[in-house]
Amino acid sequence: MTESPAHRAGPDESADLLEVEGLTVTFPTTRGPVDVVRDNTFTLRNNETLGIVGESGSGKSMTALAVMGLLPRGARTSGSIRFRGTELLGRPDAELRRLRGNAMSMVFQDPLSSLNPYYTVGLQIAEVYRCHRGGSRRAARRMAIDALGRVGIPDPAERVDRYPHQFSGGQRQRIMIAMALICEPALLIADEPTTALDVTVQSQILELLAELKRQTGTGMLFITHDLAVIATIAQRVLVMRDGEQLEYADTERVFSAPRHPYTRMLLESIPRIDDELAAPGVVSPTARPARPTDPAPAQEEVR
Amino acid sequence: MTGSRGSQADAPPLLRARDLTKRFTTRGGGGPLGRKSVFTAVDSVSFEVFPHETLALVGESGSGKSTTARLVAKLMEATDGTIEFAGRDVTHARGTDLARFRNDVQVVFQDPFSSLNPRHTVERILTAPLVYQGLPIPGGRRAFAGELMERVGLNPDHLHRYPAQFSGGQAQRIGIARALAVGPKLVICDEAVSALDVSVQAQVMDLLLRLQRESGFSYLFIAHDLAVVRRISHRIAVMKQGVIVESGPCAEVFERPRDPYTRTLLAAIPRIDPEWDRRRREGAAEHASITASPEELP
Amino acid sequence: MLRYVAGRLSWVLVILLAVCVFTYVIFFQLSPDPAVMICGKTCTPERIDTIRTSLGLDRPFLQQLGDFLRGIVAGRDYGSGANLVHCPAPCLGYSFQSGQSVWEMVLERLPVSVTVAVGAAVLWLLGGVTIGLLSGVKEGTWWDRSTMALALGGSSIPPYVLALALQYLLVVKWQVLPFPAAIPFGDDPVAWFQSYLMPWIVLAIGYACLYARMTRANVIDTLAENFMRTARAKGLGPVLILRRHALRPALTPIVTIFGMDFAGLLGGALITETVFGLNGVGKMASDAIAKNDQPVIMAVTLLAAFFVVIGNVVVDLLYTALDPRVRTTAS
Amino acid sequence: MATTTLHEAQPSLPSPPTGAAPPGGTARRVLRELRRDIGAVLSTAFLVLIVLMALFAPLIGTLAGHGPDTFDSAAVDKDLGGLPKGSLGGISGDHWLGVEPQNGRDILVRIAYGARISMLIAVSATLLTTVIGVVLGLLAGFYGRWVDQVISRLMDFLMAFPALIFMIAVLSALPAGNRPVLLVIVLSVFGWPYLARVVRGQTLTLTGREFVEAARASGAGSRALIFAEILPNLRSTIIVMTTLAVPGYIGTEAGLSFLGVGVTPPTASWGQMIANSVSWYQVDPMYFVIPGAFLFGTVLALTVVGDRLRHALDAGEAS
């Protein structure tokens, strides 16, 4: 049903899932064109998770949007993005559309604003399936219920007809994930999927993503500002700053022997709970003579 | 009462909150016949902050930690309970009592841009607390504000700029400088570093620690991130659904959490293999460490 | 939900009562003595007294107000004995000029006003919203810029200037249309259409221009929403994205504004009706004002306020039906 | 806000800019942007012309050699029922924009005097509306609770009121007295809720912003919070809303005068001139066209300036 070369070629076993070469994204501004991503090159292998990490303005999200072909109007891209061996840049939007939501899909940072408040979550999930696979409304709805169940929404058959605002933040992100995975894509791009969430919910979502990835073998591009999250989920890491790639290697290598001083600085900046606070230049508050530690249980406070 | 046994002798608490409760009444649409519903955001919360110490109030969204901060800062009236500051009951303080309280207790807010009036220059922002409290400005506006800027590591030449002309980290430094203008005894930091990038966050934390060392005030540090809190606080209270579920000295909460919720929170924090850290630091030592100067992005 | 509606309706009553009292007070204070007016030129003091008594004008102000309000709800009697006239509810009194029942006058004129309002509404919705949608989707293009410039111009023409200009061109100069005359539909559908066409256009243009601008702004805002990016990320086609994901969020606010505007027009398009000499409620109001016909002015004011407040409630209910976020909080 | 009465009912204005534009050269940036926009430049030029005409109306009268009420029977043709002599409504070297039929008053001079009264009423009404609307909107938004309840209900009430009908009724019932003052009062009474509603909404948002809390924590009292912290952030809203209010009021004033309840003759007014032209427009269309064009041009120019101003201020916020 899909005519695009990328699809017709099918999963090309010899090619990597995603090969990005010399990707540059340029925005026109009143002060002339600005490169938000400059000469970025990386490869995502099948079944792998690649983490792209950087602070605000590093160009990490723009890289993701460029791969999806979702850059804002006016943005110019150059370089090459090959998905399963097929070049995506310069391809007409109609062809890319057959890939989006189907062979490659994306989960965004803020699930509430990313879901249309006017339609039930069931419809929003089902429409992806119907768009790419066709079939009856009823069949798509069944798929949506299944998908909701898979991402851990309790009582999916009933909640499929609810609206986004009737779910909690974590559940909304689960819905976004269900939507992204319903066509079993080969590539999942997660753009800061846990940033808006509480830490306990974040760990649940990360577990869910890891579990689903294990089941389906989807390759994942995981974008975040949080190095600690990257450490738990990615096999390889790409560090970006101001649109430039600073470091690109195995997670272990980046964390244990960072090449770039910026990466090192980032790593030392992460607040930690399991570390001895031995980082240079950091004064431990416990080192100061403050209030004597008191082991008395705080009963009144605990209530 | 944490620390009552060991500390009563050496210092009375600076701030004492007892059974603080805040209920919100919301009225559904429908005019005079609309149905009311009551929501308890903070439920009988008690704690103390001692001179020179940092108490962290940690919780996830909806835990009531920010409401607690606002109650203690007297930005909101408590439904129930009392607040004592330096031995005085300030629960219903008004007029001069409230003015004195404002002179002693200052707040640093979460969003550095939202907490600075976009229409005011830095100079006006920094002198505002004195102006609003009708106090003389020692050394004149410019010198006073310039000095504050230097104290928080900003260029005093930028006094006539507007908040939008600063980066997030710089703006937060301005917010901190404003809190210092009146020489407070207690600074309440409401998620003061949460909105910042990690590298900037670390610098602002350093600044907060340095200022406390220099001036000796106390912090009530509100945060959702246990890891951030660990660096700065002496004692920690963990909140969940309007209630403090656990509190104690920092090390103890981290090493021997008693409440299951605290354990869940700790377990949820993503970790980095300590082996990687060790190797990195060894490597850094060998290379005689070229630490990047942590510059903030403009 | 019922509770919500009941709550809203209680406000309607309060506001209508306030409008009633306010209008009554103003006219009670300002107007010349109606008895003198009714009496006419050949008048004796006795006759004035009789009229006063029969209208209840000799009673204290509050009582008169009470009588008036009671009349609306339960009807009232004027005069006494042989001269007794019963005015059934809803009683709005009798015109000082013609002696006709005001309620009957309103009923007689209302169809014309409704015809004017409905026809104009259809025109401005079709025209304004369509243009706005297209301009919003094609933001920044030649089409967008020129339609928006026209819309600015259109919303700046005072309706009576436009009415006179159109009348001059279409009726006098080119003679393509007859002079508007409120011909009933049953008599001659074509003539009916021709006679109402100009009032519709005049009334619709101002609104159409505003609606075009509002719709465009809403469409642009909606297209910038995160969920639109999601829709694209899902691989949906541009037509489906627009039809399903953009249209409803962009048009829902328009519906509510439309409700208010339309309700405002039902109370009579005063200027348009006057200029074209259409015998609607608006024309009735302006005639009554010119002749100081108090009961009629009262009635028209109340009627218009009634439509506006009811429109308000309908819009609120409609909103709860259209926006699921409001729906769940309201019920 | 005052477009209300212009279009019979109350077409709602597109929403004004929200929040605050970054200051520091905002004025200069906005000016620069406006100067680049042809529509804004032309509109401003036209408005300057109208304002000059209004200011120097007596001078124009002297230069033209006619007062606003000077009859010139030489310029009209008694035999043709008082039609202006010459083509195009009697446009000539003596009467640049022609004369009124029947009495031969100079149209240019009357337009200038009409501009005077229009501008005076519209600007006064706008000022009054702005003061009432901003203050009440601020109070309602800042204090909330019963203050908000009272003010909001009052706004509901006034907005539910058929303002046009009521204005006409009140004005026709009132003794002639000082019409311009009455007009200003009546326009403002029904006009302020439209500004107040917007100001209230924005105040509500701003009051929730942390800088207001920060000022409170710094020891600021309510008055300082409202006027030193919140009000400066409403600047662009107020500028845009007032710019758009002026054309609304000009239109409404002209409309009321058109209906015969506005400015009383012999004071010159655009609306009145248009009303008078109704019985003549078949034979002397220029009598209708000239005041109509001035009215339309002024309203349009003000609307364009207001619209572009909002655009420029909005763009500043986005950046």
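From a predicted model like this one, the values you see are computed outputs, not experimental measurements. Proteins get letters first, then strands, A, B, ... in listed order; numbering begins at 1 in each.
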Under 3.5 Å, is there a donor-acceptor pair between the side chain of D:Glu229 and the main chain of B:Asn117? no

Closest heavy-atom pair and its distance - B:His120, D:Pro232: NE2-CG, 4.3 Å

Can you see which heavy atom on D:Ala214 is nearest to which on B:Ser115, and at what distance? CB-O, 3.8 Å

Under a 3.5 Å distance rule, please check whether B:Arg102 uses its side chain to pair with a backbone N or O of D:Arg216 as donor and acceptor. yes

Please report the closest heavy-atom contact between D:Ser218 and B:Gln106, naming both atoms and the distance. CA-NE2, 3.9 Å

Is it the case that atom CZ in B:Arg142 sees more than 12 heavy atoms from other parts of the structure closer than 6.0 Å? no

Non-hydrogen contacts under 4.5 angstrom with chain D: give the residues of residues 133-141 of chain B involved, or none if there are none. B:Gln133

Taking side chain as everything from C-beta outward and backbone as N, CA, C, O, which of these in B:Val105 sits under 4.5 Å from a heavy atom of chain D? Side chain, backbone, both or neither. backbone

Among the listed options B:Lys74, B:Arg70, B:His160, B:Arg124, the residue most often paired with chain D at heavy-atom distances under 4.5 Å: B:Arg70

How far apart are the closest heavy atoms of B:Leu75 and D:Ala217, and which atoms are they? CD2-N, 3.7 Å

Considering all heavy atoms, the nearest B:Ser114-D:Glu210 contact: OG-N, 3.2 Å

